[in-house]
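See structure below.
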Number of protein chains: 2
Amino acid sequence: MNPSKTDRRVRYTKKLLSDALVSLLQHQHISSISVKELCELADINRSTFYTHYRDPADLLSQIEAEVYENMRRHVEKQVLKEGALPVSQQMLTSILEYAKENVELFKALLSENCDFAFQKDILELSEIISSRNNFEVDTKVKAYLRTFSIAGCVSLFQEWLKDGAVESPESIAGMTLRFMQKGVAGFLYD
Amino acid sequence: MNPSKTDRRVRYTKKLLSDALVSLLQHQHISSISVKELCELADINRSTFYTHYRDPADLLSQIEAEVYENMRRHVEKQVLKEGALPVSQQMLTSILEYAKENVELFKALLSENCDFAFQKDILELSEIISSRNNFEVDTKVKAYLRTFSIAGCVSLFQEWLKDGAVESPESIAGMTLRFMQKGVAGFLYD
DNA sequence: TATTATAATGGACACTGTGTTGGATTGCAA
DNA sequence: TTGCAATCCAACACAGTGTCCATTATAATA
């Protein structure tokens, strides 16, 4: 299908490099990862790396784009099912299930070791989802609220993943929505 | 007072290097900042840098420690004044005023270009402040709530600073507390 | 002010990672 | 089987690193 991936060798090489990068990102920031160590871990020749990517950040952005695309499809499917405008329990659960199936990957992409492009994508995605939520208010305050909520969400997910994603996606989704909608209040009286 | 700072030359050198680092941190991640470019910007000899710091991250952690100490004192003074346990409007306002007086510095320390040590310090500080808030509940949920709230806070502050800190510290403090306490609800009906 | 201690400078060193090249080798696809 | 593209491998000049040491400049203080 994808012309750049017809050759099995290419696919294999890219997979090895991606896996190696995700693995390194568990402990190091993207800008401190050298091409050399990445290639050694992936057991790929350094020259080969350069035939596919400009540098590790380039590889990262391609991984991000791919995962984002998967998430967008996930969300779209969910929207079709429910026609949901505000973020629903089901929507969030579905996303978290996908994350749980790819723990290491999501841990890496959401962590401080990445360039936050992924988090910015999520912010964008959330704007698309709730864009029709147009109660007319000061847009600046609205922007602050969105920033507050999404950052809170993402950090909560991070912690969940870091601790091994033991709780069910459902319960995390429910908790997150309560925090978003009611803050501390939603925590106390429930 | 501080024996390591008796010599004026040392103080001056350290100041130049700190300023240069904060300036570079506006646009680059700490782990991508080279000693060379840092010294060129500060107009300090590279050898001199090494007599004071191990690497740029070392310098950063010293800056962080100093700012954190200032913040801790700030908070303590406020606690004495009010004996406040939950974070109060005054407490937050006071912190934000301090941040506004040092915009570039706080932008750098809170940004994605730092190692998050500072944000972790803030999390710790918040735990100290609200430690006596011991309504007995599932501590895991409580931990998630704290993560959610602090991350939201920090991101909101980041955005405020990035846009030039035009709003008053009071209004930002008020908004933040409403978000924390009531979430979206606190935004809608007010 | 003159003296002394020490901080900063500037140049040199070996070392490591970078990005590129050209040629040899491997293995996919048709 | 053959042709072609992907991978490997060795070598290259170049950048930044961290550590010297001799020299210069300047702060502290007698």
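We use all heavy atoms of the structure for the numbers below, so side chains are in, but hydrogens, waters and symmetry mates are not. Residue numbers begin at 1 in each chain, while the letters A, B, ... track the order of the sequences.
Annotation: ring pair (Phe, Tyr, Trp, His ring centres under 6.0 Å) contacts of Y98(B) (sequence neighbours excluded): H74(B), F106(B).
The side-chain contact (heavy atoms from CB on, under 4.5 Å) with S126(A) is formed by just one residue from the set V75(A), D121(A), I150(A); it is I150(A).
Rounded to an integer number of Å, the gap from CD1 of I44(A) to P of dC9(D) is 11 Å.
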Q. If pairs are Watson-Crick or G-U with both distances under 3.5 Å, what is the dot-bracket string of DNA chain C, marking crossing pairs with [ ] and pairs to another strand with |?
A. ||||||||||||.||.||.|||||||||||

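Formation of a donor-acceptor pair under 3.5 Å by the T13(B) side chain with backbone atoms of R9(B) is found in this model. Without hydrogens or angle criteria, T93(B) side chain to Q89(B) main chain gives a donor-acceptor distance under 3.5 Å.
Map R46(A) and T48(B) each onto its nearest nucleotide of DNA chain C; the residue landing nearer the 5' end is T48(B). Nearer the 5' end of DNA chain D, as judged by each residue's closest nucleotide, is the contact made by Y50(B), out of Y50(B) and R9(B).
Residue pairs meeting the salt bridge (Lys or Arg N to Asp or Glu O under 4.0 Å) criterion with at least one member in residues 21-36 of chain B, sequence neighbours excluded: K36(B)-E40(B).
The stretch residues 52-64 of chain B does not touch DNA chain D, since none of its heavy atoms comes less than 4.0 Å from the strand. Scanning residues 16-37 of chain A for heavy-atom distances under 4.0 Å to DNA chain D yields an empty list.
Between K107(B) and E104(B), at least one side-chain N (NZ, or NE/NH1/NH2) sits under 4.0 Å from a carboxylate O, which counts as a salt bridge. Under the 4.0 Å criterion applied to side-chain N and carboxylate O atoms, K15(A) and D19(A) are assigned as salt-bridge partners. Taking the charged nitrogens against the carboxylate oxygens, R73(A) and E76(A) have no contact shorter than 4.0 Å, which rules out a salt bridge. Using a 4.0 Å cut-off between charged nitrogen and carboxylate oxygen, E112(A) and K120(B) count as a salt-bridge pair.
Base orientation of dA5(C): anti, since the glycosidic angle falls outside 90° of 0.
Judged by distance alone, the side chains of S31(A) and S31(B) do bring a donor and an acceptor atom under 3.5 Å apart. At a cut-off of 3.5 Å, with distance as the only test, a side-chain donor of E159(A) or T147(B) sits close to an acceptor on the other residue.
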Q.
Run the ring-ring contact (aromatic ring centres under 6.0 Å, His included) test on Y144(A) and F148(A) for me, step by step, so that the C-alpha distance in whole Å, both residues' side-chain angles and the decisive distance to 0.1 Å come before the verdict.
A. CA-CA 6 Å; Y144(A) 277 131; F148(A) 181 92; over 10 Å; no

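Residues F116(B) and I30(B) are members of separate hydrophobic clusters, defined by side-chain heavy-atom contacts under 4.5 angstrom among Ile, Leu, Val, Met, Phe, Trp and Tyr.
Taking every nucleotide of DNA chain C with any atom under 4.0 Å from a non-hydrogen atom of chain A, the first and last of them, 5' to 3', are dG17(C) to dA29(C).
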